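Scroll down for the structure; my scribbles are underneath it.
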Number of protein chains: 2
Amino acid sequence: MSKLKLFDAEYKLMDIIWEHEPINSTELTKICRQKLGWKKSTTYTMIRKLAERDILRNENATVTAMVKREDVQKYESEALLEDKFNGSLPAFLAAFLQDKKLSKKEAEEIQKMIEEATK
Amino acid sequence: MSKLKLFDAEYKLMDIIWEHEPINSTELTKICRQKLGWKKSTTYTMIRKLAERDILRNENATVTAMVKREDVQKYESEALLEDKFNGSLPAFLAAFLQDKKLSKKEAEEIQKMIEEATK
DNA sequence: AATATTGGTCTATTGTAATAGACTATATCT
DNA sequence: AGATATAGTCTATTACAATAGACCAATATT
């Protein structure tokens, strides 16, 4: 399995870590209890599993992410496109934009990115 | 749960149905056995569950989809954007296009769609 | 009439992600 | 010294999607 493939619960935890890192592990269990309703051991189990896969590190009670949020996002995006749209970005956009309006600002941002990726 | 939320195995079945519909149910079990390695009862169980949720119909041994592939694709795309990119299409594209090149043709197609969605 | 095929149902079983309880060791505070 | 908080492990348990076995009724076939 790819290092970047995260399960739902794993992603939720990483989300909190990305937002707060470096973060003390006890502090993290408290945030998880509050935001996700997780018990302490649930958080620690999760931490351990993710550490085994080198997705994060827990050293001296300090938790740090070893993968970037953008990289995971990129991986998930590609997986969706691959699975559901045969890898085609235009196909994805056709479905996504159906019955949708974009603001001028969004459109400009996007046009710029597309240009950049075509160079 | 949304009507359009399909689990992985469900999507695989629907994929086959969308390709072949309207399709005879016995025929469908055969395709599923061949393409997915499913036993007959697995396919029928799946059919029943999906029929209960009005995602397909099985009448006189003929299976037909009640939801369009594009609608499910749209739902899944929106869910990913919502969950992982805070609903922002630019954010999604930024991640997706990272280290990626687009062909001129793709770029043009996309530009056209963006324009269309801005009108 | 016997038998094979079709078209299913209903109730398990399996696999595995998600969750947590019980327990431990160490440091800190009173 | 005893109590409390910190930092964690290890082994279940739970939840639920995925899968299938056993069984049945109605046709179609020999």
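From a predicted model like this one, the values you see are computed outputs, not experimental measurements. Throughout, a chain's letter reflects where its sequence line sits, starting with A, and its residues are numbered from 1. Just so it is clear, the values below take in all heavy atoms, side chains as well, and ignore hydrogens, waters and symmetry mates.
OP1 or OP2 of C/dG8 sits under 4.0 Å from a side-chain N or O of B/N58. Taking only side-chain nitrogens and oxygens, A/R48 comes nearer than 4.0 Å to OP1 or OP2 of D/dT9.
Annotation: salt bridge (Lys or Arg N to Asp or Glu O under 4.0 Å) contacts involving residues 10-23 of chain B, sequence neighbours excluded, comprise B/E10-B/R53, B/D15-B/R69.
Protein atom NZ of A/K49 is 12 Å distant from nucleotide atom C1' of D/dT9, rounded to whole Å. The distance between atom CG of A/N60 and atom P of D/dT6, rounded to the nearest whole Å, is 17 Å. Distance, B/E59 CD to C/dG7 C1': 15 Å, rounded to whole Å. Here the P atom of nucleotide D/dA18 and the CG atom of B/L13 are 11 Å apart, to the nearest Å. At whole-Å resolution of the value, CG in B/L50 and P in D/dT19 are 13 Å apart. Note: NZ (B/K12) to C1' (D/dT19) measures 12 Å, nearest angstrom. The interatomic distance linking A/M46 (CE) with C/dT19 (P) rounds to 7 Å, in whole Å. D/dA18 atom P lies 16 Å from atom CD1 of B/I47, rounded to whole Å.
Taking the side chain to side chain donor-acceptor pair (under 3.5 Å) definition, one finds that A/K100 meets it with B/E78, sequence neighbours left out. With sequence neighbours excluded, no residue forms a side chain to side chain donor-acceptor pair (under 3.5 Å) with B/Q98. For A/K40, the side chain to side chain donor-acceptor pair (under 3.5 Å) criterion is met by no residue, not counting sequence neighbours. Partners of B/K112 according to the side chain to side chain contact (heavy atoms under 4.5 Å, CB included) rule, which considers only residues two or more places apart in sequence or in another chain, do not exist here.
If you check residues 36-44 of chain B against DNA chain D, the residues with a heavy atom closer than 4.0 Å are B/G37, B/W38, B/K39, B/S41, B/T42, listed by number. A heavy atom closer than 4.0 Å to some atom of DNA chain C occurs in B/N24, B/S25, B/T26, these being the qualifying members of residues 18-35 of chain B.
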Report, one pair per line, the protein and nucleotides 15-17 of chain D atoms (nitrogen or oxygen only) whose separation is under 3.5 Å.
none

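The distance from atom CE of B/M46 to atom CE of B/M14, rounded to the nearest 0.5 Å, is 11.0 Å.
The number of heavy-atom neighbours closer than 6.0 Å to NZ of A/K105, taken from other residues, nucleotides and ligands shown, is 12 or below.
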If you look only at distance, which donor and acceptor atoms sit under 3.5 Å apart when one is on a side chain in residues 82-94 of chain A and the other is two or more places apart or in another chain?
residue, atom, partner, partner atom, Å
A/K84, NZ, B/E76, OE1, 3.1
A/K84, NZ, B/E76, OE2, 3.1
A/S88, OG, A/A91, N, 3.0

Show me the donor-acceptor pairs, under 3.5 Å and distance only, between side chains in residues 24-31 of chain A and residues at least two apart or in other chains.
residue, atom, partner, partner atom, Å
A/N24, OD1, A/T26, N, 2.9
A/N24, OD1, A/E27, N, 2.9
A/N24, ND2, A/A61, O, 3.4
A/S25, OG, A/Y44, OH, 3.4
A/T29, OG1, A/T26, O, 2.6

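Hydrophobic clustering, defined by side-chain heavy atoms of Ile, Leu, Val, Met, Phe, Trp and Tyr closer than 4.5 Å, leaves B/M66 isolated from every other such residue.
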Under 4.0 Å protein heavy-atom contact, by nucleotide of nucleotides 25-30 of chain D - B base, S sugar-phosphate only: ------
